[in-house]
Amino acid sequence: MKKIPTDVDNFITLREENYYFYDKSGYIRELEAQKKFILLVRPRRMGKTLFSSMLMAYYDINLKNRFHELFGDLDIGEKPTEWANQYMVLRFDFSHINNSDIDILEKNFNEYCRAQISEFIRQYDYVFSEDERIEILSMRDLKNSMVHLVSIAHRKKMKVFLSIDEYDNFTNTVLAARGVKAHEAITHGEGFYRTFFSGCKGTFDRINTEPQEQAFLRGLLCNNPYYDVWPELELNDGFCDLLLVPKTVPENPAKYSYLIELKHMGSKAKSPDAKIKDACKQLRQYISDAHLAHSTLLGNTTLIPLYLVFRNNKLVAKGKLMS
């Protein structure tokens, strides 16, 4: 008899121990087929961790011999994609970081990340030599460790799949316990958390396309106390990239909401002018949407339409749509 999976968020455990599983594996095929990255915004306890766990099992090269066991009777098992079991999987779950003492949070963060990197190397020890392992783990800078790890993997024709779960777990604790300034100290400027994500972006996103910029930017913007971030909001037969609206928190000082259109120009393109023109055209289309104009999401704020143009992970143009 199949068991009901109460609080089971590990895909392999669920499959091994005969739990009921609502098959969402077909979405893997759909996600890979999309021209743009699809961001799924779900509330807590709605299966994000389980879905992420399924993705890691699907892409993990170490589980190639278990593909039929884990996915054979599922939708994706009938017609797997070419990326199945083609990656080494590096996973971080920031809910495991000890945040009881905020004063040593950065130390705890670094220790946890290094432990995960060490476990990653152990799992794929056929890729990394002992000297390479020592070199990676002996680097004082966490960002440099990750860059070097991925560089070695790419040199050996291996790809790395990065999974980060509960990315805002301890930052929310900082916000609640110490307030906005302490929160911004770690998530803005040279803060250790922002530096970590900057390293991830420049290291793991080897294909520099608009979807990665959108996903990365949303991850950073979500770590703020004043705004909710809505991605891929449908407006006037199109989808705006990001909409920032004020959170319903006491004494929120936000006076503006922001509609953001992202563009990515090719590495050989000389000028961002064409991308700016295209972004402004889309922004004009979106702000004329009647639903947006009368939306309660904006509250009493003024809507500011912005465009950002990237090339090779760098911001090359930014501006506000002029009426």
Side-chain angles (χ1 to χ4, degrees), residues 2-5 7-95 116 120 123-124 127 150 153-154 157-167 200-201 203-219 222 230-234 239 241 264:
K2 285 187 176 293
K3 296 179 285 186
I4 298 175
D7 290 331
V8 179
D9 57 11
N10 184 291
F11 174 76
I12 295 178
T13 298
L14 185 145
R15 298 292 284 163
E16 288 178 338
E17 299 184 11
N18 197 33
Y19 283 99
Y20 279 106
F21 176 65
Y22 185 83
D23 186 6
K24 298 180 181 179
S25 64
Y27 288 110
I28 295 175
R29 196 180 300 112
E30 294 188 27
L31 288 173
E32 290 187 8
Q34 298 298 319
K35 293 182 179 180
K36 296 186 69 177
F37 187 88
I38 304 300
L39 292 169
L40 305 175
V41 183
R42 307 283 299 276
R44 294 183 65 83
R45 314 301 298 173
M46 292 294 287
K48 298 188 297 295
T49 296
L50 178 58
F51 189 79
S52 174
S53 178
M54 179 182 70
L55 291 179
M56 289 187 288
Y58 180 77
Y59 290 114
D60 194 342
I61 194 170
N62 277 358
L63 296 174
K64 189 172 185 177
N65 292 335
R66 299 186 63 188
F67 182 84
H68 181 74
E69 172 194 348
L70 297 173
F71 294 95
D73 61 342
L74 301 182
D75 184 294
I76 196 68
E78 298 177 5
K79 189 179 179 181
T81 68
E82 61 178 327
W83 294 344
N85 302 125
Q86 295 297 308
Y87 290 81
M88 299 187 294
V89 176
L90 174 58
R91 181 175 188 260
F92 296 109
D93 180 350
F94 291 155
S95 68
Q116 291 302 105
F120 172 85
Q123 290 177 349
Y124 304 98
V127 175
V150 176
H154 286 180
K157 309 301 182 184
M158 300 292 288
K159 296 178 290 186
V160 181
F161 181 99
L162 175 65
S163 173
I164 300 177
D165 197 12
E166 297 285 352
Y167 74 94
C200 290
K201 180 188 174 190
T203 302
F204 294 94
D205 296 339
R206 291 301 186 182
I207 302 176
N208 299 309
T209 59
E210 181 182 326
Q212 281 77 26
E213 308 295 354
Q214 180 185 0
F216 177 73
L217 185 60
R218 180 178 180 268
C222 281
W230 293 76
E232 296 290 348
L233 187 68
E234 185 173 4
F239 293 86
D241 287 319
H264 191 280

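In what follows, every heavy atom counts, from backbone to side chain, and hydrogens, waters and symmetry copies are set aside.
Rounded to the nearest 0.5 Å, atoms CD1 (I164) and CG (L90) are 8.0 Å apart. The line from OG of S53 to CG of D93 is 11.0 Å long, rounded to the nearest 0.5 Å. Of the inter-residue distances, the one linking M88 atom CE with L162 atom CG reads 12.0 Å to the nearest 0.5 angstrom.
Ring centroid separation for the pair F11 and Y58 does not come in under the 6.0 Å cut-off.
For the pair Q116 (side chain) and R91 (backbone), a donor-acceptor distance under 3.5 Å is present. No donor-acceptor distance shorter than 3.5 angstrom exists from the side chain of Y124 to the backbone of N62, with no hydrogens or angles considered. Judged by distance alone, with hydrogens and angles left aside, the side-chain atoms of E78 form no donor-acceptor pair with the main-chain N or O of I76 at under 3.5 Å. Side chain of D165 to backbone of S52: no donor-acceptor contact under 3.5 angstrom is found.
When all heavy atoms are compared, the tightest approach of L50 to N10 is CD1-C, 4.0 Å. Minimum heavy-atom separation, P80 to F67: CB-CZ, 3.6 Å. Of all non-hydrogen atoms in F161 and L55, the two that sit nearest each other are CZ-CB, 4.3 Å.
Under the 4.5 Å side-chain criterion, counting only non-hydrogen atoms from C-beta, R15 is in contact with D73. When side chains are defined from C-beta on, I28 counts as touching Y59, because their heavy atoms get closer than 4.5 Å. By the 4.5 Å heavy-atom criterion applied to side chains, D75 and R29 are counted as neighbours. M54 is not listed as a side-chain neighbour of Y27, based on a closest heavy-atom distance of 4.5 Å or more.
With sequence neighbours excluded, no residue forms a salt bridge (charged side-chain N to carboxylate O under 4.0 Å, His left out) with D23.
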E17 vs V8, side-chain contact (heavy atoms from CB on, under 4.5 Å): CA-CA, chis, key distance, verdict: CA-CA 11 Å; E17 299 184 11; V8 179; over 6 Å; no
In sequence, state the C-alpha distance, the side-chain angles, and the governing distance for I12 and L63, and then conclude on side-chain contact (heavy atoms from CB on, under 4.5 Å). CA-CA 10 Å; I12 295 178; L63 296 174; 3.7 Å; yes
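Under a cut-off of 6.0 angstrom, the local environment of CG in N65 is sparse, with at most 12 non-hydrogen atoms contributed by other residues, nucleotides or ligands.
For the pair D60 and R66, the salt-bridge criterion is not met [side-chain N within less than 4.0 Å of a carboxylate O].
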